[in-house]
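No experiment lies behind these values; they were computed from the predicted model shown.
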There are 2 protein chains.
Amino acid sequence: MATSFAEENYLKIIYRLSESTLEDISTNAVAELTQTKAASVTDMLRKLAEKGWVNYQKYQGVRLTEEGEKIALSVVRKHRLWEVFLVEKMGFNWDEVHEIAEQLEHIESEALINKLDEFLDFPKTDPHGDPIPNKEGILPELSYVLLSDLKENKACVLMGVAKDSAIFLQLLTRLNLSLGAKLMVKEINPFDRSVSVSINDSEPVFISHEVAKNILIKLG
Amino acid sequence: MATSFAEENYLKIIYRLSESTLEDISTNAVAELTQTKAASVTDMLRKLAEKGWVNYQKYQGVRLTEEGEKIALSVVRKHRLWEVFLVEKMGFNWDEVHEIAEQLEHIESEALINKLDEFLDFPKTDPHGDPIPNKEGILPELSYVLLSDLKENKACVLMGVAKDSAIFLQLLTRLNLSLGAKLMVKEINPFDRSVSVSINDSEPVFISHEVAKNILIKLG
DNA sequence: ATAAATTTTTAGCCTCGACTAAAAAATATT
DNA sequence: AATATTTTTTAGTCGAGGCTAAAAATTTAT
Ligand SMILES: [Mn+2]
Ligand SMILES: [Mn+2]
Ligand SMILES: [Mn+2]
Ligand SMILES: [Mn+2]
């Protein structure tokens, strides 16, 4: 069955909300992310349920069905592969690609996306460290830790961000923090939990707790 | 002003129809190419005129304004650049790319399309030999001739096709006719005007007049 | 010059995906 | 347990972009 842009956006957003909770997703939560009103969401949830892509009972919240999740994962796959393309091949910065990928994720061609995957050498993660589902919809396992949870004097590598707003990404860039950067927490300030971090063996710089808790790293 | 997919498709189709005539474009002609009904076209023409993209007086047909042509050219530019990308970088055949480009032509990012242009080395023509407008909207001058208009024993090169339906392109492929092929007309049969053509110095094969008149070549 | 045929427009209707305002249900507070 | 607050749904509306059927204008044929 064909899916409209609107339907794909709803499914993707329900998927994203489901990642961080086991409970059913509320109408309001969906409304906030889709930038629409609750009444519009109720309408669409009925339609998605009708098509068998979500389980929805009024007042009870919503969950993706297996088929709904499959569609959501294919949209996520396309979004993230196009982001890799935009950064790796088109020379965009990681803070510039999300809006364009929001459009490209709706291009409908299985053949194209699989060729793109191959062209990009089957990347496991997008420019923000988010995992890319393979063509079967399987996500690679990534076990990243928040920089804010790290002990002092442990070497680690920046693998991703927990938030990909342009403003946050631009801040990281200004701090010389990009994917693959070698980090070491030199000191955790107990007052505001800010951390002083050495980036690629340079002089340590200060990073707020707010920033540190949105940076994903792997040890070693 | 933002343009919807529907508006872009109408402008592009009016542009295409204007290429082959100096007269105003009729409602029915537009309806046929947009795959809609004449009544729907009338509606849209009023809206496009409202926005200043076409000159339209009822019963008089339609023409693009300068601004309308600018938009149409930018859609054509995107369509053709994406087609080059699909063939050159993604490995599609020339008969497979049009449908996908119909979607990609609506992606809205000036920055992306200019980076894509550079990535592809500023191609002058798409995989069907159609000229690609540059970022100022200027079309390169191409002076191609129809294979059906060629005299016998003249060497030439296949530069494009006058029709890009998948079925026609697949036929050419089966005949070993692709962009850049070196051709020489060995004989023109006066009965049905079919031509016997040597392709890349091979044994001549027979090509119907119908095919020959949709092949664009340049001499030498 | 009329009449016939064709083209185009108008009028009214439909679906999709939004909206607002009001009603109803669920949840929190006293 | 009763009431207040918040969340969600219903009801009605709107614009975009389609449609059909009928009317009007234009073009062609007689
Ligand atoms: Mn993104
Ligand atoms: Mn991303
Ligand atoms: Mn095309
Ligand atoms: Mn083409």
Side-chain angles (χ1 to χ4, degrees), chain A residues 1-15 17-18 20-21 23-64 68 71-72 75 102-103 105-106 108, chain B residues 1-15 17-18 21-64 68 71-72 75 102-103 105-106 108:
Chain A
M1 197 182 294
T3 49
S4 69
F5 284 25
E7 288 166 343
E8 291 189 350
N9 284 332
Y10 274 94
L11 292 173
K12 185 184 63 168
I13 274 160
I14 297 166
Y15 173 81
L17 289 166
S18 305
S20 48
T21 174
E23 302 185 19
D24 290 5
I25 307 306
S26 75
T27 300
N28 265 353
V30 175
E32 193 170 343
L33 288 201
T34 48
Q35 314 247 60
T36 61
K37 296 305 161 81
S40 310
V41 173
T42 300
D43 249 26
M44 182 57 94
L45 294 185
R46 267 198 304 96
K47 291 179 198 165
L48 295 177
E50 190 64 40
K51 300 199 176 193
W53 297 334
V54 300
N55 289 122
Y56 166 66
Q57 313 248 83
K58 56 162 118 162
Y59 296 105
Q60 299 304 119
V62 69
R63 309 187 65 82
L64 294 176
I71 297 169
V75 176
E102 284 294 308
Q103 299 178 61
E105 72 189 5
H106 302 295
E108 192 182 311
Chain B
M1 195 182 296
T3 49
S4 68
F5 283 27
E7 288 165 344
E8 291 189 349
N9 284 333
Y10 274 95
L11 293 173
K12 186 184 60 167
I13 274 161
I14 297 166
Y15 172 80
L17 289 166
S18 304
T21 175
L22 291 168
E23 303 186 18
D24 290 5
I25 306 307
S26 76
T27 301
N28 265 354
V30 175
E32 193 170 344
L33 288 201
T34 49
Q35 314 245 61
T36 62
K37 297 304 162 84
S40 310
V41 173
T42 300
D43 249 26
M44 181 58 94
L45 294 185
R46 268 199 304 97
K47 292 178 197 166
L48 295 177
E50 191 64 41
K51 299 200 177 193
W53 297 333
V54 299
N55 289 123
Y56 167 66
Q57 315 247 83
K58 55 163 120 162
Y59 296 104
Q60 299 305 120
V62 69
R63 309 188 64 83
L64 294 176
I71 297 169
V75 177
E102 283 293 307
Q103 300 178 61
E105 73 189 5
H106 303 294
E108 192 183 311

Value in whole Å for how far the [atom2] atom of [N] lies from [atom1] of [X]:
X: A/Gln57; N: C/dA25; atom1: CD; atom2: P; answer: 15 Å
X: A/Glu23; N: C/dT27; atom1: CD; atom2: P; answer: 11 Å
X: A/Lys47; N: D/dT9; atom1: NZ; atom2: P; answer: 14 Å
X: B/Glu32; N: C/dT8; atom1: CD; atom2: P; answer: 12 Å
X: A/Arg46; N: C/dG17; atom1: CZ; atom2: P; answer: 12 Å
X: B/Leu48; N: D/dG18; atom1: CG; atom2: P; answer: 11 Å
X: A/Lys51; N: C/dT15; atom1: NZ; atom2: C1'; answer: 11 Å
X: B/Asp43; N: C/dT10; atom1: CG; atom2: P; answer: 9 Å

Is the phosphate of [N], meaning OP1 or OP2, less than 4.0 Å from a side-chain N or O of [X]?
X: B/Thr27; N: C/dT9; result: yes
X: A/Tyr56; N: D/dT8; result: no
X: A/Ser4; N: C/dC16; result: no
X: A/Lys58; N: D/dT7; result: no
X: B/Asn28; N: C/dT8; result: yes
X: B/Lys37; N: D/dG17; result: no

Using a cut-off of 4.0 Å on non-hydrogen atoms, how would the nucleic acid contact of [X] be classed: base, sugar-phosphate, or nothing?
X: B/Ser40; result: base
X: A/Thr42; result: base
X: B/Ala6; result: sugar-phosphate

*With respect to the side chain of B/Tyr10, which nucleotide from D/dG18, D/dT9, D/dG17 is positioned closest?*
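Selected nucleotide: D/dG18.
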_What's the closest nucleotide to the side chain of B/Tyr59 if the choices are D/dA24, C/dA25, C/dG17?_
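It is D/dA24.
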*Fit a plane to each ring of A/Phe5 and B/Phe5, take the angle between them on a 0 to 90° scale, and name the class: parallel (under 30°), tilted (30 to 60°) or perpendicular (over 60°).*
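A/Phe5 and B/Phe5: perpendicular rings.
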_Here's a test of your reading of the structure: between A/Met44 and A/Gln60, which maps to the more 5' nucleotide of DNA chain C?_
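Nearest nucleotide further toward 5': that of A/Met44.
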*Does A/Glu7 or A/Ala39 map to a spot on DNA chain C nearer the 5' end, using the closest nucleotide for each?*
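On the 5' side of the pair lies A/Glu7.
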*Passes side-chain contact (heavy atoms from CB on, under 4.5 Å), A/Tyr15 versus A/Ile25? Steps please.*
CA-CA 9 Å; A/Tyr15 173 81; A/Ile25 307 306; over 6 Å; no
*If you look at every heavy atom in B/Asp24 and B/Gln60, which pair is closest and at what distance?*
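That would be OD2-O, 3.2 Å.
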*Flag, side chain of B/Arg63 to backbone of B/Leu22, donor-acceptor distance under 3.5 Å*: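 Pair found, side chain donor or acceptor close to backbone of B/Leu22.
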*Applying side-chain contact (heavy atoms from CB on, under 4.5 Å), run through A/Lys58 and A/Leu45 and close with a yes or a no.*
CA-CA 9 Å; A/Lys58 56 162 118 162; A/Leu45 294 185; over 6 Å; no
*Give, for atom CD1 of B/Ile14 and atom CH2 of B/Trp53, the distance between the pair rounded to the nearest 0.5 Å.*
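Rounded to the nearest 0.5 Å, the CD1-CH2 separation comes out at 11.5 Å.
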